[in-house]
Amino acid sequence: MTTRRLAPLLLAALAPLAACGDDGDPASSGGQGTVRFTTWGEEYIEQEIPAGDGETGFLDGWAVQYDKFLVSYHNITVADDAGAVGYQLAKPVFVDNAKPGKKELMPAFALAAKAWTKVSYDITTASADATVVGGADPADLAMMVQNGYSLYVEGKATKGAVTKTFHWGFKTQTHYQECQQATDGQNLFGIVVTNGGVDTSELTTHGDHLFYNRLQSSPDPAQRTVLLFDEQAAADDAPNGDGDGEVSLPELCQKQFDPGTYDPSGFNVASIGDFVINLSRTVGHFRGEGECEVAPLEARRPAFPCDDYR
Ligand SMILES: [Ca+2]
């Protein structure tokens, strides 16, 4: 598993981005090609996030296994450098990335052979009319709709003889834009469709990000971003929680974070819950380790993320 860096969390509204670059047709081929979008939770969500050195797994000895990783995708959009939309998903898609394998998000479609530099998507509240793909359970979609969730994770963490379960439903509304990946040492924005070719974009979800100890990568390389669960586990224990073995979001929202261990990176957070809710916006990625700019979509956001979860 390669080391990851955190996607920037942009909590302010983004100014429109000026178009830039060339005419966006490096393929110069004419004709058209086929475009596919898939999603995958990688080994971390399918199998386990093990104990490790902080970057390869939990620094404090925990291991996490997901039973559900439910994602509500909306508005998957492919546009060119001038903003002309070549494709936009008409119906939302519902998927469970705890199910094994890479899942097709929609049927393959054709696009003109050229660079499509602007790929974006949303993870927003699940919709009853969503297309259920990849073997996801329609009952889980109904649960998401009923509770107003956009993302829901369920699983267990173990350390020695201790097991803590979790069922966390997130209501965050997040837009992922300017999706890009490092290719041959450069950041390639969006996708390149070639004449007769097939291009596949994976909207990868990173299950480890919920357990990071900082909200943005530190400019100081000595300050590592690491995976931790001790504080989350302690949120279930007295005096913060009810000790029933289940770490709930309200319990996380009661638990102040240790500033010696957790770095809010300048964001307004007071509890471990605020960390986890903010980090829920960073699970969305592009083509494996590729990144997108993260933009919250809520018209109103509370002073602290937990204010909507107590
Ligand atoms: Ca509990």
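Ligands are counted one by one from 1 in listed order, and the atoms in each one are counted from 1 as well. Below, each value reflects all heavy atoms present in this structure, side chains not excepted, and no hydrogens, waters or symmetry copies. The model shown is predicted, which means the values in this text are computed figures rather than measured ones.
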S.K.: If only side-chain N and O atoms count, and only distance matters, is there a donor-acceptor pair under 3.5 Å linking Arg281 with Thr172?
M.R.: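 Distance-only check fails for Thr172 and Arg281.
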S.K.: For residues Glu293 and Gln177, is any side-chain donor paired with an opposing acceptor at under 3.5 Å?
M.R.: yes
S.K.: Rounded to 10°, how big is the angle at the Ca ion (ligand 1) from Asp236 OD1 to Glu251 OE2?
M.R.: 100°
S.K.: Between Asp80 and Lys114, does any side-chain N to carboxylate O distance fall below 4.0 Å?
M.R.: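 Yes, charged N to carboxylate O under 4.0 Å.
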S.K.: Restricting to N, O or S atoms, which atom of Asp242 is closest to the Ca ion (ligand 1)?
M.R.: OD1
S.K.: Looking only at N, O or S atoms, which one in Glu246 sits nearest to the Ca ion (ligand 1)?
M.R.: O
S.K.: Need the atom name: nearest N/O/S atom of Asp244 to the Ca ion (ligand 1).
M.R.: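 Closest N, O or S atom of Asp244 to the Ca ion (ligand 1): OD1.
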S.K.: Begin from the C-alpha positions of Asp140 and Lys68 and carry the test salt bridge (Lys or Arg N to Asp or Glu O under 4.0 Å) through to its verdict.
M.R.: CA-CA 9 Å; Asp140 284 336; Lys68 295 182 191 293; 3.0 Å; yes
